[in-house]
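The structure under discussion appears below in the form of structure tokens.
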Protein chains: 2
Amino acid sequence: MPQMKTSADLRVHNQTRLLRAVHDADQPLTRASAARVLGIGRNTIAALVGELETAGLLHEVPAATTGRGRPTTLLLPHPRGPVAFAADIREDSWTLAQIELGGRLTGLETGEHDRTPAVFDDIRRATRRHATDRLVSLGIALAGPILDGRRLHISHLGWDEVDLYEQIGDDWPPTVVVDNDARLAGLAEARRGALRGAGTALHFHIDFDIGGTLLLGGHTQRGAHNIAGEFGHMPLTGGSGLRCMCGVQGCWSLDVGTNALLRRFGREPGYGAGRQLGREILARAEAGEAEAGRAVDDNAVALGRGLGALANALDPEAITLSGLGVELIRLRRDLIEHACAEGLMEFRRAQPPRILAGTVGEAGPLRGAAETAFDAVLSAGWLRGRI
Amino acid sequence: MPQMKTSADLRVHNQTRLLRAVHDADQPLTRASAARVLGIGRNTIAALVGELETAGLLHEVPAATTGRGRPTTLLLPHPRGPVAFAADIREDSWTLAQIELGGRLTGLETGEHDRTPAVFDDIRRATRRHATDRLVSLGIALAGPILDGRRLHISHLGWDEVDLYEQIGDDWPPTVVVDNDARLAGLAEARRGALRGAGTALHFHIDFDIGGTLLLGGHTQRGAHNIAGEFGHMPLTGGSGLRCMCGVQGCWSLDVGTNALLRRFGREPGYGAGRQLGREILARAEAGEAEAGRAVDDNAVALGRGLGALANALDPEAITLSGLGVELIRLRRDLIEHACAEGLMEFRRAQPPRILAGTVGEAGPLRGAAETAFDAVLSAGWLRGRI
DNA sequence: GCGATTTTGTTCTTGGTGAGAACTTAACGG
DNA sequence: CCGTTAAGTTCTCACCAAGAACAAAATCGC
């Protein structure tokens, strides 16, 4: 809704609504159901669909008849319609995937990288290998804040202030969108996971430390400099008085996440080392080993305490977790919820936020990157140019 | 933009945009400037204005000519156009005011109350005294969270769970909107004050304790149960290990605000007592008394520390303060900013959020209530019914 | 098996919307 | 006093969605 003034805008607007409905629907929409969903006449939907079909965006296929009435058609993505690519850059590997209208995600390629910004070249080359003229945009998920949308800070790769614009040349797809992985994982939950339909929600990705995003009506919150979401760097649990790598004292991240687990066992957390040991600690806790169990307990309590505090401030209806958070919920749900309740103001304890494991899984950042990248297609501006 | 489908919607939509532009403008818009602002043709604006004039919403007055060209007209609120009332319920007094298109606020009446929900009767009677057929809606500002929009918790009045629906009968104006005062003060700053035009911003009202709101694109954030904004009840400074009246340990509010000042002087904070002493402490600090000065120092440092933490999470471009916060900025700006920087992640310290005193002043909650109440008029739904 | 029913697609008319061009009006300036 | 400038007015036009009436294609009941 950038602006909407003329009757020509109206047509594009309704077509965008239609494409969005098709994209977000669980099952393929029929032509008639689309009309009902949009609250629009059957005659009008015919016009919309017609133009979108000739524009190569929608493809109509006869629908299996169910019950009475004239058979209708399914609205499917056009086989030669636009697609977006999505890349997820993890610790030492990356994945490239493709998404099309309707949300179908297809893996394209996976590779390893050398933990330097040369990974952008890898992805550029992979993109070029798989690109067709259907490719519209590329979304990239990165495990760190991206100041002003261009300056990357990825502590566990040792990237201090990598300029994104220097990494991205001119020979990329039309639009490149780069965003933080925790934020994108939250977006994935909001679009395709446990946070569907939630008005106000929080998502946290717990890895070595903890990052997340506030979700409002299915939109992630970016902040003024595109670095909103560093919830892990609030002193929500005191942080045992330690100083955090981020430069602040007492961060929540010092008590929650794999780094906190490692510290319990004398391993001073570094740049991403120790993931294996972290998994081991979890396994030993599950097997009943006392010291490991206590470490996990502390992690869960600190997590819950922080969630309660954040719930006071932001009043989410649900909170989802990914990464280590999924394991913590599985092993210590009661501890988390109890600690959360303790952090909640008394009058809110009757209606605590639901704390859920994310359902999108490890592909969260990739899925989120795909969704943001495909958002370019689902905009009035792009559509105007296409039709 | 609830939904927008037909060409009739388009007309109402543009008329709403026009009214909003008139309402939000600093100086009265001329007909021609409105056309430019909306990016719409002169002929179209004529049609819009014409209908709005006959609907009794706008009133055209010849504009003073400046320079060449055919003289135009000013778009002013219609003298018999719709107005909203706004009420601010403070500790032991209340104010009723009227707002009209363009934002002009006119005080109507002030009264005292007995700190019981009987104050709603006072306001109902005052509203009836001043009501004309121009009255469309009433906004009420209250100093506490309003769970699910109906259950009031105002600690310093001793209201534990007052049901708003029982207080509001049927003989009120068409629409009654009730909201938290800190949130409304923030809205006032966003609409008419220091936060105009800010995308992501925070506002805090510091009184006995501290409450606030996250502002996104000029909209306050309400949360899932309408109780977002209790930032004072996060453990951002440790709270000296004390337990807060809210039921949680270590709240930020224990270290920031008048209650924190009082506790320094041995006064256990109760339900709103001690405001006078709080003012005295500030005055003594300003006069150079050491102990009072240290109390104010601590308050400022705790404030800054919390703001830094919140900035990490939410990345606001600006933070405004009202209430005691204005004094703290005046007396201890450096301390606040320094403490804030210490709480900011290192890589953000080059671009700290601006920390500003609110410019709307004490009328903030009233102004905010007026704006929300008047929002009813500036909606497509209401307009559709009126024309 | 055939007609009634139900649901959907199609066609045509209609009211409404803003854009654009051309023209008019009303000020100022030299 | 006439040219310039800016704004209001009028008229045509392309376009859009709604609504009504009708046609098409399936199921259901007898």
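Keep in mind it's a predicted model, so treat the numbers as computed, not measured. Because only heavy atoms are used, hydrogens play no part in the values below, and waters and symmetry mates are left out as well, while side chains stay in.
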Rounded interatomic separation in angstrom, taking CZ from B:R42 and P from C:dT25: 15 Å
Sugar-phosphate, base or nothing in reach of B:R11, heavy atoms under 4.0 Å: sugar-phosphate
B:R196, CZ atom: more than 12 neighbouring heavy atoms under 6.0 Å: yes
A:R192 side, atom CZ; A:L195 side, atom CG - distance, nearest 0.5 Å: 14.0 Å
Candidate nucleotides C:dG9, D:dG8, D:dA17, ranked by approach to the side chain of B:T73 - the nearest: D:dG8
Residue whose nearest DNA chain D nucleotide is more 5′ - B:S7 or A:T66: B:S7
A:N43 CG to D:dA20 C1', straight-line distance once rounded to whole Å: 10 Å
First of A:K5 and A:E60 reached from the 5' end of DNA chain C, by closest nucleotide: A:E60
Using a cutoff of under 3.5 Å, can you pull out all pairs of nitrogen or oxygen atoms linking the protein to nucleotides 28-30 of chain D, with atom names and distances?
{"from": "D:dC28", "atom 1": "O4'", "to": "A:R68", "atom 2": "NE", "distance (Å)": "3.1"}
{"from": "D:dC28", "atom 1": "O4'", "to": "A:R68", "atom 2": "NH2", "distance (Å)": "2.7"}

Length of the line joining B:D9:CG and C:dG15:C1', which is rounded to integer Å: 14 Å
Side-chain H-bond candidate by donor/acceptor type, B:T213 with B:H203, under 3.5 Å: no
Touch class at under 4.0 angstrom, heavy-atom based, for A:N14 against every strand present: sugar-phosphate
Shortest side-chain distance from A:T44, nucleotide among D:dT27, D:dG8, D:dA18: D:dA18
Lys/Arg N to Asp/Glu carboxylate O, A:R367 vs A:E189, below 4.0 Å: no
A:H78-A:E100 side chain donor-acceptor pair, cut-off 3.5 Å: no
A:H225 and B:E317 side chains, donor-acceptor separation under 3.5 Å: no
For atom CG of A:L10 and atom C1' of D:dA14, their distance in whole Å: 14 Å
Rounded distance (Å) that lies between atom C1' of C:dG9 and atom CG of A:L75: 13 Å
Euclidean distance, atom CD1 of residue B:I45 to atom C1' of C:dA19 [Å, nearest integer]: 14 Å
Euclidean distance, atom CZ of residue B:R17 to atom P of C:dT17 [Å, nearest integer]: 15 Å
Any donor-acceptor N/O pair, B:D179 side chain to B:A141 backbone, under 3.5 Å: no
A:R31 side-chain N/O to C:dG9 phosphate OP1/OP2 under 4.0 Å: yes
Which residue lies more 5' along DNA chain D, comparing A:G41 with B:R36 via nearest heavy atoms: B:R36
Spacing of B:R70 atom CZ relative to C:dG29 atom P, expressed in whole Å: 19 Å
